[in-house]
Amino acid sequence: SYKAEMKPRYYAVDIARMRAIMNGAVLVLGSATPQVSSYWRAKNGFSTLLNLPERISDAGMADVEVIDMRAEYARGNLSIFSERLTRELFYTIERGEQAMILLNRRGFSRTIVCRSCGWQMRCPFCDIALTSHRNPYRGEDKLPNRMVCHLCERLARVPKYCPECSSEEIMALGAGTQQVEEEIKKQLPHARILRMDLDTTRGRFSHKEILDAFERHEADVLVGTQMIAKGHDFHNVTLSAILSADQLLGSGEFRASEQAFQLMTQVAGRAGRGLKKGRVIIQAVQPDHFVVKAAAKQDYEAFYREEIVFRNRMAYLPFGHIGMAQLKGFDRYETEDVARAFQREVAALIDQYGGTFSHTILTDASPAPVERIRSRYRYRVMVRDESAENLTRLLFMAADRLKRPKGVSLAVDIDPWTTF
Ligand SMILES: [Zn+2]
Ligand SMILES: [Zn+2]
């Protein structure tokens, strides 16, 4: 499932598929949690579906428990840890066993939920969760003023009252790994904690060093983003927790459900691979969300049945495609100007070739949800079309026509994996 983050932004499966066609070879894709678009292809005769109905070993199945965080809040526990999770953490460490706590992909986007009924703030046009990226490295209790949609760039005000249940219990979810570490230290001062995220792996310790240290039991708890889900088989890990399924579902990507399902089932499948029985805890204000329910049962079919309806209704992959042109530069105004110029080129091409692009949707040039990374400003232009070929042609023609100064870079990504 590799997607290149550097130019050219190819998706490994597409390249493999092309090479298989060119060489008359057979391509085998294997996954316990296939991408919705791959599974759709298999179901619709574009490839052959082969099932492995039996798990390798059912003894490894972990007990999955979904904790309704609405009930926690109602009881007055406003912490990011349910009482159950705190207790399980305590006993796991007492027994000399280890625990893993997972957060979403990057750990710094925030989503708005109602902690009384579980409503989540979504874009009315794109039906994906709205996010705010204002304060990446500090846990902030204050509500953000405005939320943004990753796809159509529309801004929305955070409501004072929940539109579903009229309560005032609107909250921003978005604990970072650091905040989680501090919270564990507060509750369990003796716990030895390791943290793995982009910050820690970019620094002194590599990905592997952290995982190795955890394997040698130099820490009781490993807190991290999804990177840790793909780690080794830790035979002493008997407790895994998804801190907030809502945060996974609220990543702001149209693939949020797929990514959340994959991560949750990976964790559930991984816990208890050793001889000891594993336990998985999933915390959510939406315990009845279809993704949470399907993941708890490790039921891919149930997940797929609902997700494909959503994709079809919204014309998301595999029923439609998204092209993202990203412009980056050290000078904010220059970068913004180039993004605007690029948008005008795309608009002109759509006009010029009217018929071909009559269903193409083009948004205005706008700053990315994370406006600046390592001193570079980021702007982008989003385009949607039913045909990936059309999109590719359109964006590359516009890129050719664009007069771009040296200081601004342009990257075109078809069906990007992240749009933050
Ligand atoms: Zn509500
Ligand atoms: Zn939208």
Side-chain angles (χ1 to χ4, degrees), residues 67-78 109-133 143-174 244-247 249-259 283-289 292 310-317 319-326 339 343 359-371 378-386 391 413 415-420:
I67 307 286
D68 185 347
M69 291 304 279
R70 295 171 301 188
E72 294 288 320
Y73 298 135
R75 275 207 302 274
N77 173 18
L78 298 185
S109 82
R110 296 202 295 163
T111 179
I112 297 288
V113 295
C114 167
R115 64 184 169 207
S116 148
C117 75
W119 165 82
Q120 188 161 37
M121 191 176 181
R122 302 173 78 82
C123 173
F125 304 97
C126 309
D127 205 9
I128 57 175
L130 301 178
T131 62
S132 136
H133 292 264
L143 278 179
N145 292 323
R146 290 182 308 178
M147 303 293 285
V148 66
C149 172
H150 278 202
L151 281 190
C152 71
E153 321 285 357
R154 283 186 179 88
L155 295 169
R157 284 200 158 279
V158 175
K160 258 194 126 66
Y161 302 97
C162 170
E164 285 291 315
C165 75
S166 319
S167 84
E168 274 184 301
E169 299 294 312
I170 304 282
M171 76 183 288
L173 286 176
S244 167
D246 315 294
Q247 211 176 322
L249 293 166
S251 70
E253 307 291 342
F254 77 86
R255 299 178 209 252
S257 289
E258 176 177 296
Q259 288 161 346
Q283 302 192 135
V285 295
Q286 311 168 75
D288 299 322
H289 193 290
V292 177
F310 162 73
R311 298 281 183 100
N312 195 0
R313 174 166 56 85
M314 300 307 297
Y316 292 142
L317 209 61
F319 305 101
H321 299 271
I322 293 168
M324 180 170 80
Q326 194 166 63
Q343 200 265 359
H359 295 292
T360 309
I361 302 166
L362 171 66
T363 60
D364 288 339
S366 53
V370 181
E371 268 185 74
R378 310 161 80 233
Y379 280 79
R380 82 270 190 86
V381 174
M382 307 289 272
V383 195
R384 295 181 56 185
D385 199 284
E386 274 174 29
L391 261 188
D413 196 340
D415 296 324
W417 277 29
T418 52
T419 51
F420 75 96

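For ligands, and for the atoms within them, numbers begin at 1 and follow the listed sequence.
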In degrees, rounded to 10 degrees, what angle do Cys114 atom SG and Cys162 atom SG make at the Zn ion (ligand 1)?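 The two atoms subtend 110° at the Zn ion (ligand 1).
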Taking the Zn ion (ligand 1) as the vertex, how big is the angle to SG in Cys165 and SG in Cys117, rounded to 10°?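 Once rounded, the angle between the two atoms at the Zn ion (ligand 1) is 110°.
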Can you confirm whether the side chains of Gln247 and Thr111 place a donor and an acceptor under 3.5 Å from each other?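 Distance-only check fails for Gln247 and Thr111.
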Can we say Glu153 and Arg380 salt-bridge, meaning some charged N sits less than 4.0 Å from an Asp/Glu carboxylate O?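 Answer for the salt bridge query: yes.
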Of all the atoms in His150, is at least one N, O or S atom closer to the Zn ion (ligand 2) than 2.8 Å?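 It does not; every qualifying atom lies at 2.8 Å or beyond.
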Is it the case that Arg378 places NZ or CZ above or below the six-membered ring of Phe420, under 6.0 angstrom from the centre and within 45 degrees of the axis?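 Judged by the rule, Arg378 and Phe420 form a cation-pi pair.
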Please note down the angle at the Zn ion (ligand 2) between SG of Cys152 and SG of Cys126, to the nearest 10°.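 Reported to 10°, the angle equals 110°.
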Using the Zn ion (ligand 2) as the apex, give the angle to atoms SG (Cys123) and SG (Cys149), rounded to 10 degrees.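 The two atoms form an angle at the metal of about 110°.
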Side-chain heavy-atom pair Asp415, Arg255 within 4.5 angstrom cut-off: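 They are in side-chain contact.
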Run the side chain to side chain contact (heavy atoms under 4.5 Å, CB included) check on Leu249 and Ser257 step by step: do they pass? CA-CA 6 Å; Leu249 293 166; Ser257 289; 4.1 Å; yes
